[in-house]
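This report concerns only the one structure given below.
Because only heavy atoms are used, hydrogens play no part in the values below, and waters and symmetry mates are left out as well, while side chains stay in. Throughout, a chain's letter reflects where its sequence line sits, starting with A, and its residues are numbered from 1. This one's a predicted model, so the numbers in the text were calculated from it and none came from an experiment.
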Amino acid sequence: MWPFTENRFDRVVAIEHDEQRDQFVQYKRNSQDIIEETSISSKHFFIVDTLDLCPLGSSYLVVELVGELPLRYLVLCDSYRDYLSALREAKSYGRAKYGEAMSDHMWQRSPVEAFLMRSGTTLFTNLQPHELKVVALDFEMYTSAGKHFAASSDPMDKIILASLADNRGQTYLLDESLLGEAGLIKEVCRLINQNDYDVICGHNLVGFDLPYLTTRAQQLNIPLCLGRNRSVLKQRAITRRYGLREAPEFFVFGRHIIDTLPLLISWDITKRALENYRLKDAVIALGISPRDRRDFDRGDISQMWDSKAADLLDYAQADALDSLALYSFLSPALFFQTQMLPLTYQQCAATGTGTKADLSLIRAYLQKTHSLPLRGAHVLGEGRGGLTEAKSLGWHQDIHKADVASLYPSICLSFNIKPRTDVLNAFPAVLKVLTERRLEAKASLKTLPPDGYEFKATDALQNSLKILINSFYGMLGTSGLYFSDSEASNDITTRGQEILLKMVDNVERAHGKVIEIDTDGIYFTLPESTKTAHAISCLVAEELPPGIRVDYDGHYDYMYSYAPKNYLLVKNDLLIRKGVVFRSRRLFGLQNDFIVVCVDKLIRGDSAGLAAYYRQTARRIRAREVEFDSVITYLVVDQTMAEYEEGLMTQGQRSRPLDLIASRPDRDKWTLRSKIYYYHAGNGEIKLAEDFAKDIDPSYYLELLRKTAEKFLYIFSPQDWYRIFSETPLSDEEARLIRPWFFVPRQMPATLAEYERVIKGDFQLRLF
DNA sequence: AACTGTGGCCGTGGGT
DNA sequence: ACCCACGGCCAC
C-alpha cells in the first residue's frame, strides 16, 4: 500500500490532541452515521541534526535514525509537557549554534500531524465526501446608520440572524428579535453540538463571521463551546495570509473549519470564470445556486431589519444554502488529498502543494525510521524553466495542437530524476503510485455516467492527484522544503526543452509550420489536412525518449499569433483568447469589444466593416458617446490607507487611484482586496466610476483604441494596417480591396521593429 | 509562519 | 523622449 497507508483507522473524521489529558482523540463516523470516540496514547517527537540540540534528561529518549542523512536524531518524549520543554531547549541550543538558519536543522510538525506521520494513518479512509456531516454557517449583522460595514466592537452592531444549513437537509434560522443575541449565539453552539457536525463551512467565515462572532460572544460573556469535547473555539493569533489580509487561524476541537472564499479564489486562479468572489455571484456563475433568490444589496439589510421585512429571512437562509452548495463544489479535491496525506482536512486547505509532496516523502522515510535531509540545503541560484517561443506571427488556418502528457512527471520517471538526497528512491516510487492511481481514476471515469455522483467524486480524485503529482516538480526548486534540489529541477526542465525542440523538428521535417510553442505543447500547421489525429501525434512523437507520450490536443480553424503566450484561436466560430494581451481582467470593455469584432470581421473577410467599426468607435469616443463598461477599469487595493501614506513618505511611490480615494470621507469603503473602479477624465485626471458622467478624456481612449488595434499588427501589410485603423475616411470600395494576409498568404517580411516604424508614420521604409 | 516553479507582456510611475 | 524597475496578470 505504501506510500498510502493501511486502513487501520477506518472512517476517521477527526483526530485531535487533547492537551490536558495528553491523549489523541479519534472520532470515527460509523456506517450508522454515529460518531464513535476513542482515545489513544502516543509519544511526541521531533528530529534534529546533532546531539548538541538534544535535551538532557530521563524523560527523553534520543533515537538515532538509520542512513547517512543529516537529520538523524529523533527526540522521543513521554509527555506533551516534556515535548514542549524539549523543543524549547532544542530551539535555544539551535539558535546559539545556527542562528537564523536554526529551523533548517530541525524537523517538527504539530502533534496531530506527527501522530498521523508516525502511525501511518490518514483521515477519511473508506469515506466519501458526502458522508462527512457538514454545516454551513452564515450570520447577518446589523449596521448602524451611516456605516458601510458592521464593526463587532460597536455595541449597536449586533448579530441579528444566524442561518445554518447542513448536508443532511436540515436548515435553521435563528432570529435575534426572538432569542436575543446571547440566546442566538448559545443556540448556534447547541445546534452544532447536537447535530455533531464534522465540518463547519461558510463564505469568508475565517475573515468575517468567526472574528465577529468571537468578539460579540466575548462582549456578552458567552463561551463558544463548539468543540466535540465541549471546548471553546480557539484562535491562534498569528496568522496565515488569508487572501491579502492576515487573519487568525480558528480551531474547533474535533471539527474542521473550511472557508469557501480562499478555496474559491484558488479555484478561479486557473479557471478564470468569475467576475468577483461574492457568494451569490459565484453560485450563479458556477450554475450551482440551490434555488432562485431575490437579489438585493447588502447595505439594505439593516434597513430591512428595521422594517421587519420578511425577505431578509429568505435571504439569510439562502446564504447558508449557497455556502453549502459552494462547499460541495469546491471541497472534494481537498477531501481526497486528506485521504492521502498526514494532514487534517483543515490543514490540507491551508497547506501549499509543495509542502504536501515533501510531506509524502518524509512520511516514506520515517516509516522506515530513516534519517532526513536538511531543509533547503540543495537550492541555489535561479532555476531554468520551460521553452517558449512564438515562431510564426500572424494569421494561420487549419491548426493542430499536440502536447506531452504530464511532461515533468514523465521526465522524472523516464530519466530517473530525483532529489540527490533521496537514497530510498521514494520520489520515483511515490510519483509512480500517484500516477498509476490517477490513470486508474481517469480510466474508470470513462465507464461512469457523467451526471452521477460517482463521476464527480472520481473526477475530483484524479484532479487532486494531478495537483499533487505536478507539485513534485515544483517542490524541487523550492527552498524551505526538505527534499528540494534545484539541480534535479533544472535537469527536468532541460530535458523538457530538448523534448519540445525535438517535437518542433519533427513537424518541420514533415514540412509543417510551427506557430507557437510553450513548455510542453506545440501549435502547428501541416501541408495536408487529411491526416488523422493519431497519425499527427505519431508524427510529432517520432524519436522521443521512451515514456514520453504525445497527445493530439485539438484542431482549430484559425489562429492569430501575436507574441509568446499571447494568441487567439477560433474553433467552430468560438473565440478562445490566450494571454494577458487578449484576456486580462484589466482590459477595458472597449478593448474586449474591439478584439471580438475584429476577429469576427477578419474571419468573414470584411475589411470594410472593420475599417468602419474602427472609425465609428473613434468617432464615438470623440463625441463621448460611450457606455460605462467600455471606459472603466480598476485597481485592486493591496495596502491599507495608512500603509500607502507611509509608503509615500518613505519611497514616494504614488498611485493615482489611491490618491483619488485618500482624501474622501468614505475612504474606508475600500478595504484590502476591494477594487477602485475609475476612468480617465480630461487633462490626465482620473475619476471614480461612481462619479461617471461621460466626461471621458477622448485622447486617452483614442490612444487605447489605437494600441488595441496594434495587437492586430500582423493582419495586413503595414501600409494597409495604417489605412484600415485610421480615422481618415476610407471608401468601402477601397477597404474591400484590402485583404487580410490570411486570405492572401504572403511572405512574412517585416520584423516587429519595422512594423512599428511604419505605424508611427515612417513611410520611408523600403519594405516592399 | 509558511512557502510548488519559470517565462512573458504591458502599463505605471519614477528617473534622466 | 527614452529608459528602467516593478507589479499585475497570464500561460504552462
Side-chain angles (χ1 to χ4, degrees), chain A residues 103 108-110 236-242 244 246-249 266 268-272 347 350-359 375-376 379 381-390 401 403-404 406-408 467-486 488-490 492-494 496-497 500 516-523 553 562-567 576-588 591 633-636 638-639 647-648 651-659 675 680 684 686 700 703-704 707-708 710-711 752 760:
Chain A
S103 63
Q108 168 218 345
R109 300 290 293 193
S110 73
R236 189 160 69 191
I238 327 230
T239 60
R240 74 177 60 256
R241 270 172 90 79
Y242 175 79
L244 279 175
E246 308 258 294
E249 211 174 350
S266 12
D268 196 48
I269 285 174
T270 48
K271 298 292 190 294
R272 268 290 317 271
Q347 283 163 337
T351 302
T353 59
T355 305
K356 287 171 182 167
D358 202 35
L359 277 174
R375 200 170 73 149
V379 176
E382 277 159 36
R384 182 210 274 226
L387 197 63
T388 304
E389 194 182 340
K401 162 93 193 286
D403 62 11
V404 180
S406 312
L407 178 65
Y408 289 171
I467 295 165
L468 196 55
I469 287 166
N470 283 331
S471 60
F472 273 76
Y473 154 73
M475 181 205 95
L476 293 172
T478 310
S479 58
L481 300 176
Y482 290 83
F483 280 97
S484 46
D485 182 349
S486 53
S489 174
N490 284 337
I492 293 168
T493 51
T494 303
Q497 296 204 2
L500 193 64
E516 157 98 15
I517 60 172
D518 193 351
T519 311
D520 63 350
I522 170 167
Y523 290 93
D553 196 33
Y562 168 73
K565 297 176 190 283
N566 288 278
Y567 53 89
I576 300 157
R577 320 184 203 192
K578 297 280 185 174
V580 74
V581 164
F582 296 117
R583 58 169 260 172
S584 169
R585 280 169 207 261
R586 302 277 284 270
L587 289 185
F588 290 82
Q591 297 173 288
T633 188
Y634 67 84
L635 176 96
V636 178
D638 65 349
Q639 50 189 337
L648 269 188
Q651 302 142 33
Q653 187 82 8
R654 297 208 83 87
S655 156
R656 290 197 296 159
L658 284 173
D659 278 345
K675 292 172 182 168
H680 292 260
I686 61 167
Y700 179 89
E703 174 68 8
L704 190 69
K707 277 193 285 198
T708 313
E710 269 183 35
K711 306 307 176 213
L752 182 59
K760 281 169 186 155

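- Put simply, the side chain of A:Asn566 gets close to the backbone of A:Val580: a donor and an acceptor are under 3.5 Å apart.
- Following rounding to the nearest Å, A:Glu389 (CD) and B:dG8 (P) show an atom-to-atom distance of 10 Å.
- Rounded to whole Å, the distance from OH on A:Tyr562 to P on C:dA11 is 16 Å.
- Atom CZ in A:Arg384 sits roughly 17 Å away from atom C1' in B:dG8 (whole-Å rounding).
- When distances are taken from the side chain of A:Val581 to each of B:dC3, B:dC10, C:dA11, the shortest belongs to B:dC10.
- Applying the 4.0 Å criterion to OP1 and OP2 of B:dG11, one finds that A:Arg586 has every side-chain N and O outside that range.
- Using a 4.0 Å heavy-atom cutoff across all strands shown, A:Gly354 reaches sugar-phosphate atoms only and no base atom.
- Dashed line: the shortest gap from a side-chain N or O of A:Tyr634 to OP1 or OP2 of C:dC9 is under 4.0 Å.
- Between A:Phe582 atom CZ and C:dC9 atom P the separation is 19 Å, expressed in whole Å.
- For A:Leu704 and A:Ser471, each mapped to the nucleotide of DNA chain B holding its nearest heavy atom, the one lying further toward the 5' end belongs to A:Ser471.
- Between A:Thr493 and A:Tyr473 there is a side-chain heavy-atom pair separated by less than 4.5 Å.
- Dashed line: the shortest gap from a side-chain N or O of A:Tyr567 to OP1 or OP2 of B:dG8 is not under 4.0 Å.
- Put simply, A:Lys711 has no side-chain N or O that comes within less than 4.0 Å of OP1 or OP2 on B:dC9.
- At the phosphate of B:dC3, OP1 or OP2 sits under 4.0 Å from a side-chain N or O atom of A:Thr355.
- A distance-only check finds a donor-acceptor pair linking the side chain of A:Asp358 to the backbone of A:Phe483 [under 3.5 Å].
- A:Phe588 comes within 4.0 angstrom of no nucleic acid atom, judged by non-hydrogen atoms across all strands.
- For the pair A:Lys356 and B:dC3, the criterion of a side-chain N or O lying under 4.0 Å from OP1 or OP2 is not met.
- Of the possible donor and acceptor atoms, one in the side chain of A:Arg272 sits under 3.5 Å from a partner among the backbone N and O of A:Arg583.
- We find that CZ of A:Arg585 is positioned 10 Å from P of C:dA11, with the value rounded to whole Å.
- The side chain of A:Lys707 lies closest to B:dG11, out of C:dC12, B:dG11, C:dG8.
- For A:Asp268 and C:dC9, the CG to C1' distance is 13 Å, given to the nearest whole Å.
- Classification of the A:Tyr562-A:Phe582 ring pair by plane angle, with boundaries at 30° and 60°, yields perpendicular.
- To the nearest angstrom, P of B:dG5 lies 18 Å from CG of A:Asp518.
- You'll find that the side chain of A:Lys565 is closest to B:dG7, out of B:dT12, C:dC9, B:dG7.
- Nearest to the side-chain atoms of A:Thr353 among the listed nucleotides B:dC3, B:dC9, B:dT4 stands B:dT4.
- Residue A:Arg375 has its side chain nearest to B:dC3 when only C:dC10, B:dC3, C:dC9 are considered.
- Nearest nucleotide to the A:Tyr700 side chain, out of B:dT12, C:dC12, B:dC10: B:dT12.
- Comparing B:dG8, C:dC12, B:dG5 by their closest approach to the side chain of A:Thr519 singles out C:dC12.
- The CD1-C1' distance, from A:Ile469 to B:dG5, rounds to 17 Å in whole Å.
- Residue A:Thr493 places none of its side-chain N or O atoms closer than 4.0 Å to OP1 or OP2 of B:dT6.
- Distance OG1/A:Thr353 to CD1/A:Ile469: 12.5 Å, rounded to 0.5 Å.
- In the set B:dC3, C:dC12, B:dT12, B:dT12 carries the atom at the smallest distance from any side-chain atom of A:His680.
- Within the model, atoms OG1 of A:Thr355 and CE of A:Met475 stand 10.0 Å from one another, a figure rounded to the nearest 0.5 Å.
- Relative to the side chain of A:Val636, the nucleotides B:dG7, B:dC9, C:dC9 differ in distance, and C:dC9 lies closest.
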